[in-house]
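Keep in mind it's a predicted model, so treat the numbers as computed, not measured.
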Amino acid sequence: MKVKTPVIGGICQSTQGRDKDRYYIVKVINDDGTVGVVDGNFKKLAEPKKKNLKHIRLLPDKAEAIAAKFADGRQVFDSEVYSALKTYNNPPQENK
């Protein structure tokens with residue numbers, strides 16, 4: 001299933017740039033065709049990374065708890081975002 005419109009709290013993957021293949025959570029949707037994304041580690045909530053919609057792949061997954069906090073205006077911590085993305089950015093390694 002291909003997602004075409006970003007939602008706040010949605011998970012996306014960078015397809016272009018230095019951060020290629022890194023996963024983020026959408027924090028802000030801008031009117032100019034860009035989104036502000038955070039990962040809780042390199043891009044903190046205080047300064048979201050501005051990404052063009054052409055340069056990200058939107059996933060059907062959503063961080064429900066974080067999206068609800070964004071919608072209610074409650075405080076979200078970088079550690080919460082990092083924990084939500086841990087399985088995406090740090091997949092379990094096979095022992096060889």
Side-chain angles (χ1 to χ4, degrees):
M1 181 177 143
K2 197 169 192 180
V3 180
K4 297 188 187 225
T5 56
V7 292
I8 292 179
I11 297 175
C12 63
Q13 180 184 25
S14 174
T15 59
Q16 298 288 316
R18 234 184 281 187
D19 60 346
K20 185 177 178 181
D21 295 330
R22 180 161 275 288
Y23 290 89
Y24 294 100
I25 291 179
V26 177
K27 181 184 179 198
V28 180
I29 302 170
N30 300 321
D31 295 332
D32 61 351
T34 61
V35 292
V37 295
V38 294
D39 69 355
N41 188 18
F42 298 110
K43 282 296 162 187
K44 307 281 186 175
L45 289 160
E47 288 188 40
K49 181 173 182 68
K50 188 175 181 181
K51 290 291 277 185
N52 191 322
L53 284 174
K54 296 176 187 175
H55 298 162
I56 59 173
R57 182 171 65 97
L58 299 168
L59 302 177
D61 301 339
K62 185 175 180 182
E64 297 290 342
I66 294 172
K69 283 188 171 186
F70 281 147
D72 295 343
R74 290 184 286 161
Q75 186 175 13
V76 180
F77 296 100
D78 288 316
S79 59
E80 292 176 88
V81 174
Y82 181 77
S83 295
L85 293 172
K86 190 180 284 188
T87 57
Y88 293 96
N89 284 326
N90 302 320
Q93 302 291 322
E94 290 183 19
N95 293 336
K96 291 185 179 182

Go through the structure and list residues passing side-chain contact (heavy atoms from CB on, under 4.5 Å) with [X], not counting sequence neighbours.
| X | result |
| --- | --- |
| Ile29 | Pro6, Ile8, Val26, Val35 |
| Leu45 | Lys27, Val38, Phe70, Val76, Asp78, Val81 |
| Lys43 | Tyr24, Asp39, Lys49 |
| Gln13 | Asp21, Tyr23, Arg57 |

Heavy-atom closest pair, residues Arg22 and Asn89: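 For Arg22 and Asn89, the tightest heavy-atom pair comes out as NH1-ND2, 3.3 Å.
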Restricting to non-hydrogen atoms, name the atom on Gly36 and the atom on Asn30 that form the minimum distance, rounded to 0.1 Å.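 So the two residues come closest at N-ND2, 4.4 Å.
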Could you grab the distance from atom OG1 of Thr34 to atom NZ of Lys51, nearest 0.5 Å is fine?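 Between atom OG1 of Thr34 and atom NZ of Lys51 there are 11.5 Å.
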State which residues pass salt bridge (Lys or Arg N to Asp or Glu O under 4.0 Å) with [X]; sequence neighbours excluded, sorted by chain then number.
| X | answer |
| --- | --- |
| Lys69 | Glu80 |
| Lys44 | none |
| Asp31 | none |
| Arg74 | Asp72 |

Sequence neighbours left out, what passes side-chain hydrogen bond (donor to acceptor under 3.5 Å, both in side chains) with Asp61? Give chain and number order.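 side-chain hydrogen bond (donor to acceptor under 3.5 Å, both in side chains) check on Asp61 returns Tyr88.
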Counting C-beta onward and ignoring hydrogens, is there a side-chain heavy-atom pair between Lys50 and Asp32 closer than 4.5 Å?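 Counting from C-beta outward, Lys50 and Asp32 do come under 4.5 Å.
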Is the backbone of Ile56 close enough, under 3.5 Å, to the side chain of Ser14 for a donor and an acceptor to pair up by distance?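 It does not hold such a pair.
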Restricting to pairs with a member in residues 28-47, which pass ring pair (Phe, Tyr, Trp, His ring centres under 6.0 Å), not counting sequence neighbours?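 Non-adjacent pairs meeting ring pair (Phe, Tyr, Trp, His ring centres under 6.0 Å): zero.
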same_hphob_cluster(Tyr82, Ile66) at 4.5 Å side-chain heavy-atom cutoff: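 They do not share one cluster, since no chain of ILVMFWY contacts under 4.5 Å joins Tyr82 to Ile66.
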